[in-house]
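Have a look at the structure below before the remarks.
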Amino acid sequence: SPLILLHGGTATHEEWNDFLPAFTPHFTVYAPDSRGHGKTDNPDGVLSYPQMADDVAAFIAALKIDQPIVLGFSDGGQIALELGLRHPGVARALVISGSFYKMTPTYFEGLKSWGISQSMDFDAMQQYSPDWVEYLKSAHARPDDPDYWQTHMRQIAGMWLTPIEYSAADLQKITVPALVALGDRDESVEVEQALEMYRMLPQGELLIFPNATHMGAVKQLANPLVL
């Protein structure tokens with residue numbers, strides 16, 4: 001059975017490298033870089049979850065993949081959610097991990113503390129996590145554009161700062177099985193939100209990882225419950 005893995009924002013397909021031994025015995029695995037990430041271009045110069053969900057649908061159509069399971073983490077989970085809304089029936093099932101159905105003040109406060117704003121504060125980003133900045137420079141390296149990582153972050157900021165709020169009527173349109181997964185100590189998404197989303201999905205399931213932060217939860221996505 002086909003399985004498509006959608007990585008988190010500012011990451012690349014390499015986020016899934018450690019998971020492949022768990023997944024490949026059961027699935028044919030596809031792990032593309034999202035638009036503007038890694039080795040994938042972004043000709044439009046803007047990013048949005050609906051646009052990237054359309055990209056995934058086009059990827060599925062181009063490779064003639066028959067109803068894959070789509071597993072997304074963080075931004076990848078948002079893309080999987082949008083795929084279910086915009087392209088019903090394309091995916092056989094969804095795993096939506098570390099994602100939300102509505103942006104909250106806690107989420108926006110977190111972005112501000114990271115230096116994420118419309119004008120972008122790269123000095124604040126450096127102070128918040130110098131390792132993250134070094135990763136961005138490496139993962140999104142462009143030989144002809146050494147500062148591409150900053151361009152990338154401006155595009156990411158535009159997407160992350162655009163409010164999202166799906167209604168119950170929206171989520172009820174996703175009729176395929178959908179597993180909502182979240183760490184109970186996620187810094188951006190409250191457990192209550194995962195519970196609400198699970199209850200609004202007609203075939204929703206809920207998995208809460210104990211004692212797990214946002215990045216701590218992704219490390220557990222190859223566990224037997226997800227499989």
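The first residue of the sequence shown is numbered 1, and numbering continues consecutively from there.
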Main chain of [Y], side chain of [X]: is a donor-acceptor contact present, judged purely on distance under 3.5 Å?
X: Gln67; Y: Gly89; answer: yes
X: Gln203; Y: Thr175; answer: yes
X: Ser129; Y: Met125; answer: no
X: Asp41; Y: Pro43; answer: no
X: His140; Y: Trp149; answer: no
X: Asp147; Y: Gln150; answer: no
X: Thr40; Y: Asp33; answer: yes
X: His37; Y: Ala11; answer: no
X: His7; Y: Ser34; answer: yes
X: Glu187; Y: Gly110; answer: no

Side chains of [X] and [Y]: does their closest heavy-atom pair fall under 4.5 Å?
X: Thr12; Y: Lys39; answer: no
X: Phe108; Y: Trp160; answer: no
X: Tyr166; Y: Lys173; answer: no
X: Arg154; Y: Phe122; answer: yes
X: Leu111; Y: Leu161; answer: yes
X: Phe73; Y: Gln78; answer: no
X: Arg92; Y: Ser1; answer: yes
X: Pro68; Y: Ile60; answer: yes

Would Leu3 and Thr28 satisfy side-chain contact (heavy atoms from CB on, under 4.5 Å), going step by step from the backbone distance to the final call? CA-CA 6 Å; Leu3 170 67; Thr28 299; over 6 Å; no
Please set out all donor-acceptor pairs under 3.5 angstrom arising from side-chain atoms of residues 15-22, sequence neighbours excluded.
unit_1, atom_1, unit_2, atom_2, d
Glu15, OE1, Gly8, N, 2.8

Nearest 0.5 Å, what's the [atom1]-[atom2] distance between [X] and [Y]?
X: Leu81; Y: Ile96; atom1: CG; atom2: CD1; answer: 4.5 Å
X: Thr151; Y: Asp145; atom1: OG1; atom2: CG; answer: 5.5 Å
X: Gln220; Y: Asn211; atom1: CD; atom2: CG; answer: 9.0 Å
X: Ile79; Y: Ser74; atom1: CD1; atom2: OG; answer: 9.5 Å
X: Ser188; Y: Leu182; atom1: OG; atom2: CG; answer: 10.0 Å
X: His152; Y: Asn42; atom1: NE2; atom2: CG; answer: 9.5 Å

Pairwise side-chain hydrogen bond (donor to acceptor under 3.5 Å, both in side chains) hits with a residue in residues 49-59, at least two apart: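 Found Arg35-Asp55, Asp44-Gln51, Tyr49-Asp75, Asp54-Arg86, Asp54-His87.
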Do any pairs count as a side-chain hydrogen bond (donor to acceptor under 3.5 Å, both in side chains) and have a residue in residues 191-201, sequence neighbours left out, and if so which ones? Tyr101-Glu196
Which of parallel (below 30°), tilted (30 to 60°) and perpendicular (above 60°) describes Phe59 and Tyr30? perpendicular
What class does the angle between the rings of Trp132 and Trp114 fall in, given that below 30° is parallel, 30 to 60° is tilted and above 60° is perpendicular? perpendicular
Sequence-distant partners of Glu134, salt bridge (charged side-chain N to carboxylate O under 4.0 Å, His left out), two or more places apart: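 Here the qualifying residues are Lys137.
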With hydrophobic residues grouped by side-chain heavy-atom distances under 4.5 Å, do [X] and [Y] end up in a single group?
X: Leu6; Y: Ile69; answer: no
X: Leu94; Y: Val189; answer: yes
X: Tyr135; Y: Tyr148; answer: no
X: Met153; Y: Tyr107; answer: yes
X: Ile4; Y: Val180; answer: yes

Closest non-hydrogen atom pair, [X] against [Y]:
X: Gly115; Y: Ala124; value: CA-CB, 3.8 Å
X: Val70; Y: Ala80; value: CG1-CB, 4.0 Å
X: Leu171; Y: Leu201; value: O-CD2, 3.6 Å
X: Phe209; Y: Ala181; value: CE1-CB, 3.9 Å
X: Ile208; Y: Ala194; value: CD1-CB, 4.5 Å
X: Ala212; Y: Asp184; value: N-OD1, 3.0 Å

Grouping ILVMFWY residues whenever side-chain heavy atoms fall under 4.5 Å, the cluster of Val46 otherwise contains none
With Val95, which of Leu179, Leu5, Leu207 fulfils side-chain contact (heavy atoms from CB on, under 4.5 Å)?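 For Val95, the side-chain contact (heavy atoms from CB on, under 4.5 Å) check succeeds only for Leu179.
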Test Leu71 against Val226 for side-chain contact (heavy atoms from CB on, under 4.5 Å), laying out the working first. CA-CA 9 Å; Leu71 185 162; Val226 176; 3.9 Å; yes
Qualifying residues under ring pair (Phe, Tyr, Trp, His ring centres under 6.0 Å), relative to His13, sequence neighbours excluded: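 Here no residue qualifies.
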